[in-house]
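Reading through the structure tokens given below for one structure.
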Amino acid sequence: MEKPKVAFFEFTCCEGCQLTVLSLGDKLLDLFESVDVVNFREASSYRGQDYEIAFIEGSISTSKDIDRIREIRKKAKICVALGSCAHIAGVNAIKNFHNQLEVKKRVYGEKAWAFDSILAQPIDAVIKVDYVIPGCPIDKKEFLCVAASISNGVRPFIPEYSVCVECKMKGNVCVYHKPNPIVCMGPITRAGCGAACPSVGNACEGCRGLVSDPNLEAYEGVLEEHGISADDKMRFYRMYNGLVGGVK
Amino acid sequence: MKSYLVSKGDFLELIDGMIENGKEVVAPVKQENQANFKRIKSTKDILWSGPQTVISPKGFVFPQEEELIEYEVEDGIWVGSKVEAKSTVLLGIHPCDINGIALLDKVFAEKNLDENYLKKRESATIIGVECLTPCSPESFCYRKGSVLPWDGFDLFLTDVGDDFFVEVGSEAGKTLISGISRKTIQSDAKKLKKIREKRDNLFAKKQRKLKPKLEELPKLLKENYDSPIWDERGAKCFGCGSCNMVCPTCYCFDVRDCVEINLKKGSRSRFWDGCMLTDFTRIASGEIFREERGARLRHRTNRKDFYLFEKWGRTFCTGCGRCGKACLTKIVDPLDIENELYGRKGRR
Amino acid sequence: MSGSDVNINIHHVTRVEGHGNIVVDVKNGELKEIKLEIVESPRFFEAMVVGRRFSEAVHITSRICGICAVSHTNASIKSVEDALGIKPTWQTETLRRILAAAEVIDSHALHAFFLAAPDFVRLPSVIPLIGKSPEIVKIAVNMKKLSHDICDVIAGRHTHPISMAVDGFTNLVSEEQMHDLQAKIKQTLENDVPKAVEFFSKLKIPWFERRTDYVCLTHPGEYAFYDGTIKSSETGEYRHRDYKLKIAERVVDHSTAKHTYGPVKPYMVGALSRFNNNYDQLTPQAKEAAGELKLTPQNHNPYYITLAQLVEIVHCLEWSAGLIEELLSRGIKDEREERPPISGWSVNLPDVKKSWGVGVTEAPRGLLIHEYRIDDNGLIDSANCITPTAQNLANIESDMRKLVPEIIREPKDEIELLLEMLVRAYDPCISCSAHILKVNFVE
Amino acid sequence: MTVYKPEIAKIKKVEQLTKTERLFDIELLSGKSLDHQPGQFVEVYVFGVGEAPISISSEPSKQPTFQLCVRAVGNVTNALHNKRAGEKIGIRGPYGKGFEYEYFIGKDILFIAGGLGLAPLRSFIRAVLNSRGDYGKVYILYGARRPQELLFRDELKEWEARKDVEYHATVDVGDETWQGNVGVITTLFPDIRFDPRKTQAIIIGPPVMYRFVINELKNRRVPDENIWISLERKMKCGVGKCGHCQINNVYVCQEGPVFNYKQIKSLPEAI
Ligand SMILES: Cc1cc2nc3c(=O)[nH]c(=O)nc-3n(C[C@H](O)[C@H](O)[C@H](O)COP(=O)(O)OP(=O)(O)OC[C@H]3O[C@@H](n4cnc5c(N)ncnc54)[C@H](O)[C@@H]3O)c2cc1C
Ligand code: SF4
Ligand code: SF4
Ligand code: SF4
């Protein structure tokens with residue numbers, strides 16, 4: 001069987017997802033053996049233009065990005081959004097909720113005008129995305145499973161259920177039930193991370209995006225019960241899910 | 001079966017000796033402000049009473065994730081079934097959880113034997129312990145007739161002071177304590193009876209009441225199939241599945257494949273699943289047979305106290321109260337639901 | 001050959017974090033232009049944290065960089081703690097130190113083995129290196145795995161650590177886990193380190209020297225990574241809160257990363273600066289490695305940064321093994337009930353007054369500074385963040401300006417390679433540097 | 001050997017029936033016959049992809065080969081469509097309750113198939129036609145969305161030609177080649193006459209079809225116990241454990257997929 005040709009590309013992001021791939025350990029060597037990595041700027045000087053599967057990391061946040069990602073889409077058979085930035089615009093979208101000129105000025109002062117910057121968007125705002133590997137950063141195990149599924153010609157499994165499922169499976173004390181409670185987005189967030197955050201005692205911040213049918217009304221009831229103000233609530237949603245429909 | 005008396009010191013020594021000899025002993029240990037079942041290094045770690053474990057011990061016989069088959073596809077195909085079982089002592093198991101396992105025993109041994117479960121189950125020694133105080137404000141085991149084990153234990157301990165009063169549920173259990181036990185005499189039985197009377201009184205006072213009669217629950221739920229309560233409560237449900245995961249008697253599972261990146265080796269595993277989850281009944285055409293969360297809540301409740309109750313003659317909710325605690329929107333507690341149904345009905 | 005024209009335009013330097021271009025223009029043998037363009041999309045983190053509660057900044061600023069996320073987390077937390085006047089417990093700070101060491105190991109291993117090493121053996125990437133020197137690649141994989149194991153245990157994961165919070169950790173490590181880690185660290189020191197040092201000692205390093213100002217943290221008790229005062233080899237030591245007196249940021253046209261300058265001129269941060277300034281505090285095995293690599297303090301060849309990184313890997317292994325030893329001898333305590341860590345979304349947050357704080361730490365690539373101003377409601381009203389790569393950019397350009405005339409007679413692709421290798425030697429984290437924050441403080 | 005381990009089987013032949021359906025001839029490597037009842041199903045395993053419950057489309061036989069008619073709709077079914085003759089798959093089963101045909105002997109039978117429902121029904125139809133003398137009158141009603149979507153077209157012609165079978169077909173949307181009835185399956189009812197008390201009506205089709213067809217049968221005074229249907233639900237284990245296929249208190253994989261209408265009428269979740 002011919003090895004699938006794979007490329008990695010990054011847009012606006014911290015490149016933590018590609019680094020996660022580079023940190024697969026022994027499995028990284030298996031990956032390099034099983035697929036033909038033709039483009040991986042972070043790890044290689046070789047830049048092949050002939051690829052079938054494109055893993056795309058990062059958000060669209062400059063006008064130049066739009067042309068570049070369209071080019072990639074033209075060449076690739078399968079485009080996979082890698083990580084929150086590509087999937088739901090990630091933390092990049094936080095700036096969308098500020099005054100845009102102000103944002104630029106805060107960082108670049110008088111020269112703000114010189115910098116190309118548009119509202120941060122997930123890549124599916126510009127191109128058709130075949131599959132998504134959610135997370136900030138992606139989960140190593142999930143990446144491998146998805147990569148294997150795709151090279152096997154199978155639609156990868158991404159859980160539809162909530163983070164609470166995985167959190168409970170691990171037997172964690174729910175962070176809402178601790179002596180110093182923390183509010184957690186687990187009940188409405190898509191699982192697949194193995195409840196990484198609550199498992200070490202912190203809140204799920206929703207980096208994998210919401211489940212397909214989140215009950216936001218019920219969720220807001222829970223937040224209210226814990227004395228979370230409307231402002232707090234919005235900031236919470238706007239860690240990762242500011243762009244999600246239904247969040248008011 | 002027979003009962004014996006074993007001094008606590010002897011018993012703990014026995015267990016510690018087993019641990020030293022490499023035996024896997026699992027018991028509840030403290031975890032922050034709650035508890036969990038873990039492999040212990042010494043009996044000192046055991047939490048004999050106090051906060052309940054977050055999830056039931058069912059995972060030790062029916063793991064969260066378990067490989068069922070494995071295969072290789074290099075020149076030809078090879079498939080093997082995978083049944084793993086390692087001899088384990090489950091120690092300090094409360095009656096609600098012993099009963100949970102006893103129910104799973106029935107289910108997995110029905111018709112098509114589930115060897116993955118049964119082998120693990122055979123390799124497990126269950127040493128239960130009687131609860132003398134309620135473990136959480138949510139529990140209602142007394143109301144479900146589940147303060148004592150129905151079946152499914154090897155030994156069952158009751159703290160009677162310096163000794164454990166030990167009920168023996170299997171030959172293996174009997175052998176285990178043969179060196180340190182002495183037969184009980186009438187006064188011991190009397191003492192036990194007293195302790196249990198006191199316990200009953202305490203539980204009757206502390207635990208929330210179940211208004212309908214236990215044996216009438218199937219009928220109550222049947223009559224209330226179309227009650228508005230399901231949608232009322234369902235409106236507040238996340239479909240998060242927490243209530244399924246923590247329950248000692250939920251046993252539904254999903255099965256999924258995982259292939260290695262080189263596509264030559266793979267396995268098929270089962271994972272805990274839950275009827276409260278959206279895709280639980282979704283088929284390829286996109287149809288979801290229990291679309292409404294209220295319908296799912298009804299199904300969950302009916303499984304506990306109607307369908308499976310009728311089928312097996314025993315409630316499938318042992319009253320551990322975990323789901324009531326786990327549910328952040330406080331809608332799932334079966335006792336709550338049943339009381340509300342009972343209140344709305346008849347006694348209007 | 002004087003009078004020649006050389007025009008180099010390396011688009012998107014590979015094997016670095018983020019996007020940068022090298023532009024060199026030589027007309028008639030005269031250097032017209034030389035620059036390192038940073039074309040990474042700007043991300044505006046400084047603006048993003050404005051309006052956030054002080055406790056929320058940590059998980060946002062961690063996302064500045066996927067490779068030095070622990071350092072950003074440490075700097076962010078320290079800045080908040082500086083503002084709030086919180087002094088964390090010894091246990092908390094020790095765990096943070098171990099995490100910092102783990103990150104250095106991971107980042108340096110990635111750079112030295114995966115990104116830089118292929119240059120020395122003239123390969124385009126680590127992938128063909130797997131076939132050529134499988135053992136070396138395996139060592140790097142092991143070292144990276146080790147540091148990820150350490151981070152997984154202590155902080156939940158390496159990239160974007162989870163449980164690190166203001167004034168503590170939201171999880172509790174067990175002594176058993178720490179024992180395991182210690183055993184693994186010792187194995188690496190014993191098995192992998194000698195082979196790695198031998199491999200690098202045989203590489204031919206390009207010869208080039210330019211003395212510059214070496215800047216890093218320094219600490220009386222240890223080779224500083226986590227904490228200390230800022231030390232400049234030219235102008236001496238100063239307190240972290242005074243950083244602005246010494247460091248000026250400037251927006252330049254060709255870069256979405258701001259450049260920084262010391263009081264007099266460009267300066268260097270990172271492994272070689274730390275090595276030059278704090279050599280005496282290296283662990284014995286690290287000093288031994290330096291000896292074998294023929295690296296001695298006051299080295300002025302930036303291509304040697306990669307070797308200094310290797311020395312630091314050895315140091316961090318030994319250092320963290322020692323820290324774990326001490327942690328275990330004191331016994332690990334659950335401090336969470338008494339001193340609840342202040343995690344981003346805690347329901348009960350302490351009341352806060354208007355305040356400001358600065359957090360400095362050594363990221364693998366050098367000095368990292370976070371500064372926040374907090375208002376009376378506990379919300380951040382301004383932030384500044386200076387990353388190591390931003391500090392190095394001006395220095396890299398100065399190096400290139402000196403280097404190009406020295407190598408102008410070489411064939412063009414050799415010049416290109418040497419320039420790319422120079423940029424890569426600094427291990428620039430461009431994604432980091434493009435997330436530079438505000439210049440002017442709202443005073 | 002556990003209940004979850006598939007037996008290895010070989011694909012002997014693949015035949016494209018329509019754009020989306022293929023018929024697979026499959027043989028267990030052990031050489032044993034499947035020994036199934038009409039209406040039963042097997043769990044088909046494609047290595048590395050997963051399992052799907054598929055009804056057995058061929059009639060019961062002592063031969064080692066059996067047939068599956070599969071529509072490509074998702075992971076497993078698509079992967080199956082990519083398989084060629086000679087390739088190996090896994091088979092578990094047969095599972096579930098099918099039609100006990102002794103019960104039907106001597107009775108009139110009205111087969112009603114909608115779309116892919118013909119795949120399982122074909123097994124029973126063929127069994128009945130093979131020993132035609134054992135049964136009373138036989139009617140076959142078959143509906144598909146379009147003429148191109150009709151399955152087993154050669155066999156349909158045979159059935160149509162037979163004197164001892166009353167065969168009617170319809171499509172929802174016709175085209176120039178189609179000369180038969182156009183309309184949903186219930187529009188075929190006025191064409192047929194049958195004795196409601198002597199006739200056993202067997203319906204297999206998409207969920208939406210059941211309600212209308214049962215209504216029509218009720219109008220024709222067919223008693224509940226003379227109506228049979230086969231239900232489809234998500235399945236993961238096929239052996240009554242995983243819980244997905246449950247309809248109220250009934251596990252489809254154990255007590256179904258074939259049900260007598262009387263039995264499931266009281267189950268609100270059934271239809
Ligand atoms: C008793 C029975 C008999 C069937 N007979 C046939 C047949 O003869 N021919 C045919 O083409 N199809 C038949 N189906 C439907 C077939 O099982 C599904 O189309 C198939 O499972 C889809 O799987 P997939 O992996 O391709 O789709 P995906 O959408 O990828 O489904 C993933 C998994 O979900 C489950 N699942 C999804 N849809 C269904 C479904 N409709 N029924 C049961 N489980 C499902 C399966 O475990 C499946 O592997 C039958 C279903 C049942 C229950
Ligand atoms: S901690 Fe979060 S994810 Fe875990 S059970 Fe509680 S709400 Fe759900
Ligand atoms: S239904 Fe709830 S209370 Fe009953 S056994 Fe399950 S988790 Fe416990
Ligand atoms: S009932 Fe409660 S715990 Fe169960 S799924 Fe609904 S919200 Fe979650």
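Below, all heavy atoms of this structure are taken into account, side chains as well, without hydrogens, waters or symmetry copies. Convention: sequence-line order gives letters A, B, ...; per-chain numbering from 1.
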What's the shortest heavy-atom distance between P187(A) and L328(B), and which atoms? CG-CD1, 3.8 Å
If I measure from the heavy atoms of chain B, does E33(A) come under 4.5 Å with its side chain, its backbone, both, or neither? neither
Strictly by ring pair (Phe, Tyr, Trp, His ring centres under 6.0 Å), give each pair with a member in residues 153-175 of chain A just once, sequence neighbours left out. none
Mark yes when over 12 heavy atoms from residues, nucleotides or ligands other than K41(B) sit less than 6.0 Å from its NZ; otherwise mark no. no
With a sphere of 6.0 Å drawn around NZ of K30(B), does it hold more than 12 non-hydrogen atoms of other residues, nucleotides or ligands? yes
If you count heavy-atom pairs under 4.5 Å between each of K264(B), R282(B), E65(B), K330(B) and chain A, which one has the most? R282(B)
Between A235(B) and chain A, with a heavy-atom cut-off of 4.5 Å, which part of the residue counts as in contact: side chain, backbone, both or neither? backbone
If you look only at pairs with a residue in residues 170-216 of chain A, which of them pass as a ring pair (Phe, Tyr, Trp, His ring centres under 6.0 Å), with sequence neighbours excluded? Y176(A)-H226(A)
Roughly how far apart are M169(A) CE and I55(B) CD1, rounded to 0.5 Å? 9.5 Å
Inspect the contact between E217(A) and K236(B) and indicate whether a charged nitrogen and a carboxylate oxygen are less than 4.0 angstrom apart. no
Look at N152(A), V154(A), V163(A) and state which one has the largest set of heavy-atom pairs under 4.5 Å with chain B. N152(A)
Region of V173(A) in contact with chain B, defined by heavy-atom distances below 4.5 Å: both
If you count the non-hydrogen atoms of other residues, nucleotides and ligands that lie under 6.0 Å from NZ in K140(A), is the total more than 12? yes
Please rank G221(A), S162(A), S212(A), G171(A) by heavy-atom pairs under 4.5 Å with chain B and give me the top one. G171(A)
Using heavy-atom distances under 4.5 Å, tell me whether E32(B) contacts chain A through its side chain, its backbone, both, or neither. side chain
Cut-off 4.5 Å, heavy atoms of chain A, and the answer for N36(B) is side chain
Counting only N and O atoms by type, is there a donor-acceptor contact under 3.5 Å from the side chain of Q34(B) to the main-chain atoms of C174(A)? no
Say you draw a straight line from CD of Q64(B) to CD of E166(A); how long is it, rounded to the nearest 0.5 Å? 11.5 Å
Would you say CD of E232(B) has more than 12 non-hydrogen atoms from neighbouring residues, nucleotides or ligands within 6.0 angstrom? yes
Here the gap from W272(B) atom CH2 to K168(A) atom NZ, rounded to the nearest 0.5 Å, amounts to 11.5 Å
Just wondering, do V54(B) and N172(A) contact through their side chains at under 4.5 Å, heavy atoms? no
Rounded to the nearest 0.5 Å, how far apart are CG of L263(B) and OG of S34(A)? 7.0 Å
Measuring only between side-chain heavy atoms, which start at C-beta, is L277(B) closer than 4.5 Å to V165(A)? yes
So which of C237(B), G241(B), P63(B) has the largest heavy-atom pair count under 4.5 angstrom toward chain A? C237(B)
Please tell me whether D213(A) and T278(B) have a donor and an acceptor in their side chains that are separated by less than 3.5 angstrom. yes
By number, which residues in residues 292-300 of chain B have some heavy atom less than 4.5 Å away from chain A? R293(B), R296(B)
On a heavy-atom basis, the closest approach of F238(B) and I188(A) is CD2-CG2, 4.3 Å
Part of L31(A) within contact of chain B (heavy atom distance under 4.5 Å): both
For chain A, which residues of residues 242-261 of chain B have at least one non-hydrogen atom nearer than 4.5 Å to it? S242(B), M245(B), V246(B), R256(B), C258(B), V259(B), E260(B), I261(B)
Leading residue by heavy atom contact count with chain B [cutoff under 4.5 Å; candidates A147(A), P179(A), C145(A)]: P179(A)
